[in-house]
Each structure stands twice: as C-alpha cells, then as structure tokens.
Amino acid sequence: MNNFSPQSEKSQIPEEESSSTQLSTQLPRSLSTFETWGFGSTGLLLWFGVAPAMHVELGEQAIWVWIPCVIVSVLLNLQLKRLGTLWPDMSGGTPNYATRLLADYPLLGRYGAIGYWLGWVSVPAINAIILADLIKSILLEFNLQSPDGLLRVAFVILPYIVAFSGTRSLAIFQAFFIVPAVSLLIAFCVGGLGWLSFAPESPGLLPAAGFAVPSFVLWAKWFLVAVYAVYGCETASSFVAESRRPDLTLECLKYMAILIPVVYVGGSWVLARLSTDPLAGENTFLHLLASAEPFWGGAASILITFLVAAGCLLSSTTAVSNSPRVLYQLAVDRHLSPLFALFTNRSVIGHGLFATLIMSLLCLLWGDVSRVVMVTGVGYLSSMLIIDLGLWLNRRRPEVLYPQWSLLFFSIEVVVLTVGGLAWGWLDLLLGLLLPIVILSIDALMRRSSWGFFQAQNWKKFYQRTTPLNSFDFMIVQTVTIIILVCGATTLGWLTRNVLSWQFDQSGKNFNDLFLVILLIVAFLGIAIACWTSLPQVIAMGEAKQRAEHLFIAALDAMLIINYQGEICQVNPAAELLFEMESPELMGKPISFFLEDIEDTPALWSSLSEKTLRHKYHFQSDNNNLKISSVVEIAVSPYFNQSDRTQEYIAILRDITDRKYAEICIQASLNEQEQLAQQATKQAQELEQVLQSLQSTQSQLIQTEKMSSLGQLVAGVAHEINNPVNFIYGNLTHSVTYSQDLLELVDRYQTRDNRQGQAPDPEIQEFIETIDLAFLREDFPKVLHSMKLGADRIRQIVLTLRNFSRLDEAEKKPIDVHEGINSTLLLLQHRLKNKPGQAKIQIIKDYNKIPLVDCYAGQLNQVFMNLLSNAIDAVESHYLNNNSCKLDQDRDGIADQESPTITISTKKIYPNFVQISIKDNGCGIPETVRSKIFDPFFTTKPIGSGTGIGLSISYQIVVDKHGGKLYCLSEVGKGTEFLVEIPIVIKK
C-alpha cells in the first residue's frame, strides 16, 4: 500500500535541475476564484461533443449509459476535492493525483497521466470540426460554400495563439463567456424537462411504450465514449495550485457534482425525446436546434448557435490550459523531461503548450471525429480506471472516501474498456492503448539525448526573457498592428455585410445565426489581438499595482501618503506601530505634529533627512535604562495623483533610534579602542626600543666579555712568557761571558802544548775532531747572539700583548694610538702573510705626529680590530675569490691593484680631534648596503662567517663612549674607507 502525505510527496524539481532549468519551482498563484471556476465549469459543455452521436445510435436508450456515468462522475468529483485539499500545490489535477497515489508504481501512474492528456488534446480538434460544421450548415442556407479546412485549422490554432500570451488571457475569455454559456445550457436542460412535463403539445416526459434497454455491447461501446465527456467536469482541480484561494476553487468540484446530473441526464433526455429528425445525422447544431425549438420557438436558432459556438470555444480554451499543466506537473515530479517544467513569468508552459498543439493538429489531420474520440477516449478511460485502482490500493487512508466503490468502478471500467473498445474496433482499441506508450518512449529519447535542443538549461534564457512593453519600438509595432487589424476587420465586416444582405434579399432568410457565430469568433480574435498588444501592458500595470500595494502593506518601514499641505492621507500598518496610533486617528493630522524641526510644506523637505519623534523615547536597558529620544530617517518622493489631480508625497520613515544609539556606542568604543591602540603602539615602540637596546647591550656585553676574556688570556700568557724570557734574556749576557772565557781557556791549553812541543793526547785529539772545535769556536758566539735577538723579539711581543690586553680597564687614560694600531696589526699578522693563491697583504702606514689621546684603550683597540678584520675580509674576498666587482673594474677601465693593500693613516684634525683612516682596495660597498652596516646583526657575510655586531659595537664605542664619529666612504669597485674621529680629551 502507498503512504502519501503533503510533506512526504511534495512536488519539487530535482536539485540538479531546479537551479538551472526554470524560473521558479511552482506556478504563481495568479488566478482568481472566478477564473478557476470558469475553467472548472467547462466540463459541462463537453456534453455537446458526445450526446448527439450517442443519440443517433441509441436514442432514448442512451439514458442507461448516462446514469451510471453520472454516478461515477459525481463521486469522482467529491473524491478529487478531498485530494485537492491534501495537495493544494499540485497542478494538473486528476492524473497527477493518480501518480501520487501510485508512487510505488510510477510507470503505471505515468501511463495513466499521458492517457488523460491525450483525451484533452483532442478537444480543440473536435470542437474545431463542430464549429466548422456549424458555419457550414448556416452558410448552406445562403447557398454559400464554407472553407472547411481553413476554418478547422484556424479554430484549432486560435486558442493556442491566446494561450501563448499568458494563462490570464484565456481566463479572461472564459470568465466573459462561461456564465452565459453554462446558464443557457442549464436553461436548455431544465426548460426542456419542464416543457416535456407540463406542455400540452409535448410528447410527454416519459415514453408511452416504456423504457428500452440497449444490449451490453452497445452499452459498453457508448459508455467508453461517454466517459470522455462526463468525467471531464473535474478540471477545476488542475488550477488549484495557481488559485489565490485554493479552498474556494475546490468548492467548484462540489457544485459541478450537483450540475452533472442536470446536464448529462436531463439534457440527454431532452435530446432523446425531442430530436427525432433522422436527417440531422450527427450534426450537433441540428439536434440541439430540433430539441430547443418546441420551447424556445424562434429564438432557438440564435440561442443554440451561441450555445454550440461558445461551448466549443470555451472547452477548447480549457483543454489548451489544462493539458500543459498535466505535463508540467509530471516533469516537476520527475516523470517527464524537465523541458515541460519550464514556464514564463506569465505562466506560459511553452514546451507543454507546443506539444499539445502538435497533438491537436494531428487529431485534426485525422479528421474522423468518431475515431479520434474513440482512440483518445481509450487513453482517457485508462487513466480513470488507474485512478480508481490507486484509490483502492490506498483504501486504508482517510483521504480515500469510497474505497469499495473505487474497486467496483475499476472493475466496470476494465470491462467497458475491453468490450466497448472491441465494439468500436480492435485496431482503434490497440492504437488507443499503445499511444501513451509511444508518447512516453519519445519522452525517454528526449531525456537521454545529448542534443542541446532537448537540454532544459539551454532554454533558460528564452523563458527568462521579458517583452520590452515600454520601449518605443514595441509601442510602434503595437499601434500599427491595432490599426491594421481594426481596418481589416472593418473592411471584412463591410464586405460580409454586403454579401449577406444580397443573399438575404435573394433567399429571404435571416442571417442572425451566422452573425452570432462571427460575433463570437471576432470576440475571440479581439481577445487574441489584445493579448499580444495592449493586454500585456494592462496585466503588467495590474501586477505592478498589486506589488506596490503588497509592498505598502507588508513593508517593515512606516509609509505615509501626504498631501501638499503636509497632512497624512494614508498610512500602512508599520506607521501605526511607529506612531502608536490607529489609522483613523492619523488621517488628516499634519506630519509636523509628530516630527520636530520639520516644515509644514512637503515641497520644502529634503529627499532624505533625520528627524526626532515628539513624545516618544527609547529606554536602553543595557545602560541603566537611559532615556533617549526616538529618531527616524525620512525619505520623501513626490508624485502626482491622477485621480484627484493633486500633488502628493510618499514618505518612508524608518526608526533609527537603536542605530543612532549603536553609532554613539560604537564611536565611543572606537575612540577608546583608538586610545588603547595608540597606547599599545607606544608601548610596543618602547618595548621594541628596549628590546633593541637589550639586544645591542647583550651583543656588546658578549663581545666585550669575549675581548675581556681574550685580554685576560693574552695578559696571562704574556705574563707567563715574560718571566722565563726575562730569565733567559738576563742569563744570556753571562752565557756570552762564560763562553768566551771557556774558549779562551781552550786556546791557552793548545798554545801551551804547542810551545812545549808536546803532542796532544790522542783521545783528546779525537774528541776535538769529533766536535769540530774550530767550527764550534766560530759558531757558538753566533748562536748566543741569535738567542739574544729571539729573546728581544719575544720581549717585544709580550709587551704588545700586554698593551692590547687592557680591555677591562674601566678608566680612561692617555694612550698612543699608533701603539694600539701596531698591537692590533701584530695580532692579525697571521692573516697578512702569503697564502696559497693570494699575495701578502701590504700594510701601508701613514702616521702623522699626533698627541696622546685620552680614551678607553681596550675598547679603542677593539674598534681597530673590527675595522682591520673587515678590511682584510674585503681584500681577501676581492683578490682570492675573484668576484664580480673585479669584472666591473675591468669594464670601467679601472686598473686592478697589483696586490691587496690596506692603508692606515692618522692625523690631527680640528683643534682637538684625531682622525684614524683605515682604507682597503677591496670590492667596495653598494649604497643600499652601506646605509645599514652599523645596524645591529646586519651582515652580508655567509652564515657562520660573521655575527653582524662588530661594526655596531664599534659605532657605539666611538660615538657613545668617546663622543666621536665613525663613518664609511665607499665606491663600488674601488674600495672602502672607514674614518674614526675621536676627541683628544673626552668630555665628562
């Protein structure tokens, strides 16, 4: 069993299609209750299409076909009314309810819906044939030939022309003619029954010979056709989703259930009792005319003409409106291609309407009304028995009113379909059963096709387009079209009148019937013309007015209509809330009564301003219930009232008290945040300066500690070396004296032996030869002299180390700058010597006579060490690595130095300053780098080769400690010169 509910079975387009294939997921509710009742009442007029043909074959026996059909139709209407309340957003009505009922059997539900659609698409073709026959029968009285083919095509296409301009256009035609047409039909039925019952000349209401019963085959045969008309009184359900009042639209089904017996039983009985002319054939007009003449007399012809013509046109418009909605809902429920779910802003379901037109033209092309009714009626009856099956399968649901009756009706309809279909012809039965399958197969091919023509997204822009109704070009086309049509209609009417007048004079017949038909057709044409000319503008203006009224009422902002004197003429609900007064109390009061500082004349107001409300305050609970005057923002726009011919103004008032209070709070918060930000920025800057100072101090302390440790190490080493060196140096004098004495003693022994003529002892002689006494006597003094020279050198080095090691001296004292430079050069001597691939670095000293400088000797030596080390690095990088700056020199024509050179010069400048220059012939420093060389931790050396604090510490020592200057002069490709300027006497 199926379980269905409005929530679980809600119609919607698939997510992957809904965003790209259509403008909205549901047709807009644009139809009034009267317009939906006009569509819903048309099913009564379908009686014309079936009753005369059934009467020809069955006569009075036709009543036994109509009675059971009416019973089923009445119960069907009541059941569909119940389902409509369950699914108020579903278009298409009956067949689409069936697809919901048979949710577990989608193919069966889809088949039934297409069968229902086929039953309606044939209606315009059948009505076109009936109207053409009507005109033909009228013209024959005047011996005029009727263009049957042209008229039939025109009558089929005409309602589609109107439909393509919008559903409201068809609804207007329905609303204009449905009341007189249905009223005249009911008058025919009731008047005929009354005349049969009470008129003395009538043949009587009941037949004198009793009631004859048709055979079962004949009954089934015509039951199949009768279903085609009598079940069609449920079309109101197709428009529930577009109704502004769905509940009232569904009420139409109940009233149609009341009128169905009157028309289909009463009217058929009148036709059976009064239309007895065998020459009428299957001509609807002649049968109705024969039935109406006894009680309508001479007016019968014109009334029947109107009834047939209006009935045909109205049922055609209903078919054209109803059929596309069946396809639309099937597409929305994913049963058909999403192409059929597309519609314009005027509810024109383009692809559904075009498909319906094609099928209507095919039915007209066939031309055989009986076979068209038979084939399409098979599909229609199939849809009805599928609906009954769906009701039976959902019999336990409270929405199903007559489950047992549904099973009975299903069984009867299956038998009727089989027996009646075979009675009409097995080929037509088979064709009627297969035609929905063919339609579904075509749809399946469309959905599987990759051709862009069948892709819904490719049609989106086409359905979104709007007609430029206000454009100048369209106004020209509209005006020219109206002129041509009016002039053409006038000319045609004049010629027709002349022809008919001449025929009337010849035959003496009245042409009122033809005039009435032409009048109805011209009315339809007039609506068609209006639909494509002025009606779209009227509808657009009406929609714009409705939108404006809706916005005026639903607007959250207060809206006022004010006259030229500043008095309130109209207010919306939001204004009542703003002023805390009802609308009648506000009318006629000047706006200045409510707003401060505003002129009485609206013409003097600015278009946008802020005003304070009188006697209304806001209390801010978040600020100790602070009392604040209410402030409104007022926007004013003038407009001219055409009805009163007066100047009025639209004023829109928005309460911005909370916004103003929020702005004040936000501004205060922003000011506070700005102050905090400034304070935080200042603190951050101070912290950054402190951090930089700490980093600089830390680096300086580390460097100072390193140099202090180095000084202590050097001092310790110098001290340890100095004692043994002094011991050696002090004993060398004695060693020389002792060696000389010993050598003289040896000489004396040798002289004595020679003088006495004694031969030297052989052992002694051998030892003398072994030690080479003669060489020893000559070389030993030289060795002692060399040792003295080495000791002197060691003593000099120790003295230099002791001078350089004065880093930890906290007190300044006069020093010899030259001595400090020389000490530093001595320590860097190892870097100045020859190296593989590099010549010895030459040191050029250009010392001038300068006085002693009162300074911190150790720190100044550290400056010399840093500057000389950087100079050595520069010339090594230039001459050893052969980098790009040498190439730059060659290009600029600057001769390269023969060897790396560092020039040191000193001189006295100014009255009390000494300048020390350390210049190298290295690569030079670019300007972009030179501006940063004294920044802490800035270095251009590879990682691990420098710390970036040497020059920074040197700058602090020279500038901060000694009050001097340290700056750099450099030219790329020529070298770098550092100038140190320190005062001779440091200011305390």
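Numbers here are sequence positions counted from 1. Remember, predicted model here, so these are calculated numbers, not experimental data.
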Visitor: Please give me the minimum heavy-atom distance between Thr976 and Cys968, naming the atom from each residue.
Guide: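 Closest approach of Thr976 to Cys968: CG2-SG, 3.5 Å.
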Visitor: Check this for me: Tyr955, atom OH, are more than 12 non-hydrogen atoms of other residues, nucleotides or ligands nearer than 6.0 Å?
Guide: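 Not more than 12 within 6.0 Å, no.
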Visitor: Looking only at non-hydrogen atoms, find the nearest pair between Leu613 and Glu596 and report the distance.
Guide: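 In this case the closest contact between Leu613 and Glu596 is O-OE2, 4.5 Å.
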Visitor: If I take atom OG1 from residue Thr681 and atom CD from residue Glu688, how far apart are they, to the nearest 0.5 angstrom?
Guide: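 Taking OG1 in Thr681 and CD in Glu688, the distance rounds to 11.0 Å.
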Visitor: For the side chain of His962 and the backbone of Ile957, is there at least one donor-acceptor N/O pair under 3.5 Å apart?
Guide: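 Pair found, side chain donor or acceptor close to backbone of Ile957.
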Visitor: Minimum heavy-atom separation for Pro900 and Val875, please, with both atom names.
Guide: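 So the two residues come closest at CB-CB, 3.9 Å.
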Visitor: Using modelled atom types and a 3.5 Å cut-off, is there a donor and acceptor pairing between side-chain atoms of Trp605 and backbone atoms of Glu599?
Guide: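 Answer holds: yes.
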Visitor: Looking only at heavy atoms, what is the nearest atom pair of Glu876 and Ile841, with distance?
Guide: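 In terms of heavy atoms, the two residues are closest at CG-CD1, 4.3 Å.
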Visitor: Does one side chain, of Asn671 or Gln675, offer a donor that lies under 3.5 Å from an acceptor on the other?
Guide: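 No, no side-chain donor-acceptor pair sits under 3.5 Å.
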Visitor: Does Ser970 use its side chain to pair, donor to acceptor, with the backbone of Gly975 at less than 3.5 Å?
Guide: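 Side chain of Ser970 to backbone of Gly975, a donor-acceptor pair under 3.5 Å: yes, one is there.
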Visitor: How about Lys611: does its NZ atom have over 12 heavy atoms from other parts shown lying under 6.0 Å from it?
Guide: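 It does: Lys611 NZ has more than 12 such atoms within range.
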Visitor: Could you check if a side-chain atom of Phe913 sits within less than 4.5 angstrom of a side-chain atom of Gln915, using non-hydrogen atoms only?
Guide: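 Not touching, per the 4.5 Å side-chain cut-off.
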Visitor: Is there a side-chain contact between Lys908 and Ile984 (heavy atoms, below 4.5 Å)?
Guide: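 Side chain of Lys908 against side chain of Ile984, heavy atoms only: contact under 4.5 Å found.
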Visitor: Can you tell me how far the CD1 atom of Ile634 sits from the CG atom of Leu653, to the nearest 0.5 Å?
Guide: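 Rounded to the nearest 0.5 Å, the CD1-CG separation comes out at 4.5 Å.
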Visitor: Against Glu981, only a single residue in Ile916, Ile909, Val959, Leu966 fulfils side-chain contact (heavy atoms from CB on, under 4.5 Å); can you say which?
Guide: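 Among Ile916, Ile909, Val959, Leu966, the one that satisfies the side-chain contact (heavy atoms from CB on, under 4.5 Å) with Glu981 is Ile909.
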Visitor: Supply the atom-to-atom distance Leu969 CG to Ile925 CD1, rounded to the nearest 0.5 angstrom.
Guide: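 One gets 10.0 Å once the value is rounded to the nearest 0.5 Å.
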Visitor: Given Val817, which partner from the list Ile850, Leu852, Val980 fulfils the side-chain contact (heavy atoms from CB on, under 4.5 Å) test?
Guide: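 That would be Ile850; it is the only one of Ile850, Leu852, Val980 passing the side-chain contact (heavy atoms from CB on, under 4.5 Å) with Val817.
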Visitor: Does Leu825 reach the side chain of Ile904, with side-chain heavy atoms less than 4.5 Å apart?
Guide: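 Yes - at least one pair of side-chain heavy atoms lies under 4.5 Å apart.
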Visitor: Determine whether Lys965 and Leu979 make a side-chain contact, defined as any pair of heavy atoms from C-beta on separated by less than 4.5 Å.
Guide: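 No, side chains not in contact.
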Visitor: Counting distance only, does the side-chain N/O of Asn921 pair as donor-acceptor with the main-chain N or O of Thr901 below 3.5 Å?
Guide: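 Yes, Asn921 side chain to Thr901 backbone: donor-acceptor pair under 3.5 Å.
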Visitor: Could you give the distance from CD (Glu977) to OG1 (Thr903), rounded to the nearest 0.5 Å?
Guide: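 These two atoms lie 9.0 Å from each other.
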Visitor: In terms of relative ring orientation, are Tyr847 and His818 parallel, tilted or perpendicular, with 30° and 60° separating the classes?
Guide: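 Because their plane-to-plane angle is under 30°, the rings of Tyr847 and His818 count as parallel.
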Visitor: Nearest 0.5 Å, what's the CG-CG distance between Asp873 and Leu868?
Guide: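 Atom-to-atom, Asp873:CG and Leu868:CG are 11.0 Å apart.
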Visitor: Might you point out which heavy atoms bring Gly820 and Phe864 nearest each other, and give the distance in Å?
Guide: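 Answer, listing the atom of Gly820 first, then Phe864: C-CD1, 4.2 Å.
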Visitor: For the atom pair CD (Gln673) and CG (Leu676), what is the distance rounded to the nearest 0.5 Å?
Guide: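 Nearest 0.5 Å value for the CD-CG distance: 7.5 Å.
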Visitor: Donor-acceptor check, side chain of Ser869 to backbone of Met865, threshold 3.5 angstrom: yes or no?
Guide: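 Checking the backbone N and O of Met865 against the side chain of Ser869, a donor-acceptor pair under 3.5 Å is found.
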Visitor: Might you point out which heavy atoms bring Ala635 and Leu608 nearest each other, and give the distance in Å?
Guide: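 In terms of heavy atoms, the two residues are closest at CB-CD1, 4.0 Å.
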Visitor: Any side-chain heavy atom of Ile821 sitting closer than 4.5 Å to one from Thr824?
Guide: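 Of all side-chain heavy-atom pairs linking Thr824 with Ile821, none is under 4.5 Å.
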Visitor: Between Asn848 (side chain only) and Thr906 (backbone N and O only), is there a donor and an acceptor less than 3.5 Å apart?
Guide: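 Yes.
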Visitor: Hey, is CD on Glu672 packed in by over 12 heavy atoms from elsewhere, all under 6.0 Å?
Guide: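 Not more than 12 within 6.0 Å, no.
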